[in-house]
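Take a look at this one; I'll ask things after.
Because the structure is predicted, anything quoted here is derived from the model rather than measured. Both backbone and side-chain heavy atoms feed into the values below; hydrogens, waters and symmetry mates do not. Numbers here are sequence positions counted from 1.
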Amino acid sequence: MKWTYSIKNKAVASAALLVLCLLVLFSNYVDRSHTRNVKQSISTLYEDRLIAEDYILQMTIFLYEIKEELKSDTNNISKNKNIDNLLLSFKETSSLYQKTKFTEAERAKDDELAAIVAKFESPQTAGADKKLEYAGAGLAALKELSAIQLSESKQIMTNAEQLYHFGKISSQFVFVLIIIILIVLQALVFASKSLIIKEDTHSSRFN
């Protein structure tokens, strides 16, 4: 019956080696997947958050300068020309900002900002006081958009950290399993050697 024990050992060893190979492949797949996800998070943070925040800052500067022009004592022709140029720059930057990825909250707030700008430009909006009111409302909307960017950036970083920790735990778990399988294989090797030694000793007694 010793030959059956040897066959069982070989079967277990083969199964252990198969599992070991699968674990190595799985670990490699998980590492690559987590690396890809973390890179995607960093890319999203840069392209859709940091760049968007820069656009929001530029629009804020333009609106602030418009407010300053409205408060200035320069003649109406020069003032209106400066405001028109600033408003054009604001709208160009807004167009670039709208190409970034929006959340539902950002979309709603950007629509609100667009409505404020439309009211500012409306021929029915006469007088510096009313325009100042809309400019102030626009600045308030931009401040809220900036707060949304900060919140979304924090969420992206939190997700990236979770992916990193999960990947680290997965790698450690796979490493422990590999060590266990290697110990099992080592035990099978020693058991096989012991069986061979016993067979040799038994055979020599009959010789």
Query - hydrophobic_cluster_shared for Leu96 and Phe102, side chain cutoff 4.5 Å - result: yes
Query raised in the report: For Ala52 and Thr100, which heavy atoms make the closest approach, and how far apart are they?
Result: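 Heavy atoms of Ala52 and Thr100 come nearest at CB-OG1, 4.0 Å.
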Report task. Show your reasoning for whether side chain to side chain contact (heavy atoms under 4.5 Å, CB included) applies to Arg107 and Glu112. Result -> CA-CA 9 Å; Arg107 176 62 63 190; Glu112 180 184 326; over 6 Å; no
Query raised in the report: CG of Leu86 to CG of Leu70: how many Å apart, nearest 0.5 Å?
Result: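 With rounding to 0.5 Å, CG (Leu86) is 10.0 Å from CG (Leu70).
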Query raised in the report: Are Tyr55 and Phe90 close enough that their ring centres sit under 6.0 Å apart?
Result: no
Requested in this report: Report the C-alpha separation of Glu133 and Lys119 in whole Å, then their side-chain angles, then the decisive distance to 0.1 Å, and conclude whether the salt bridge (Lys or Arg N to Asp or Glu O under 4.0 Å) test is met.
Outcome: CA-CA 10 Å; Glu133 180 183 337; Lys119 290 178 181 178; over 6 Å; no
Report task. Spell out, as yes or no, whether a donor-acceptor pair under 3.5 Å connects the side chain of Ser89 to the backbone of Asn85. Result -> yes
Side-chain atoms of residues 59-67: list all donor-acceptor pairs with protein atoms under 3.5 Å, sequence neighbours left out, distances to 0.1 Å.
unit_1	atom_1	unit_2	atom_2	d
Thr60	OG1	Ile56	O	2.8

Query - Cationic tip of Lys131 above Phe120 ring, under 6.0 Å, 45° of axis - result: yes
Query raised in the report: When rounded to the nearest 0.5 angstrom, what is the spacing between CD in Glu121 and CG in Asp84?
Result: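 Result: 8.5 Å between the selected atoms.
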Query raised in the report: Atom NZ in Lys130, atom OG in Ser122: separation rounded to 0.5 Å?
Result: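 Here the interatomic distance stands at 11.0 Å.
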Query raised in the report: Does the side chain of Tyr97 come within less than 4.5 Å of Leu145's, by heavy atoms?
Result: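 The answer is yes; the side chains approach within 4.5 Å.
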Requested in this report: Give a yes-or-no answer on whether the side chains of Thr103 and Glu152 include a donor-acceptor pair shorter than 3.5 Å.
Outcome: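 Side-chain D/A pair, Thr103 to Glu152: absent.
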Query - Shortest non-hydrogen contact between Ala141 and Lys109, atoms and distance - result: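 Answer, listing the atom of Ala141 first, then Lys109: O-CG, 3.7 Å.
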Requested in this report: Find the distance between NZ (Lys91) and CG (Leu88) and round it off to the nearest 0.5 Å.
Outcome: 7.5 Å
**Report entry** Distance, nearest 0.5 Å, that separates CD of Glu69 from CD1 of Ile83
**Finding:**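 Spacing of CD (Glu69) from CD1 (Ile83) equals 6.0 Å.
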Query raised in the report: When rounded to the nearest 0.5 angstrom, what distance separates CG in Asp111 from CD1 in Ile116?
Result: 11.0 Å
Query raised in the report: side chain to side chain contact (heavy atoms under 4.5 Å, CB included) between Glu106 and Lys101: does it pass, once the steps are laid out?
Result: CA-CA 9 Å; Glu106 283 176 288; Lys101 186 177 179 180; over 6 Å; no
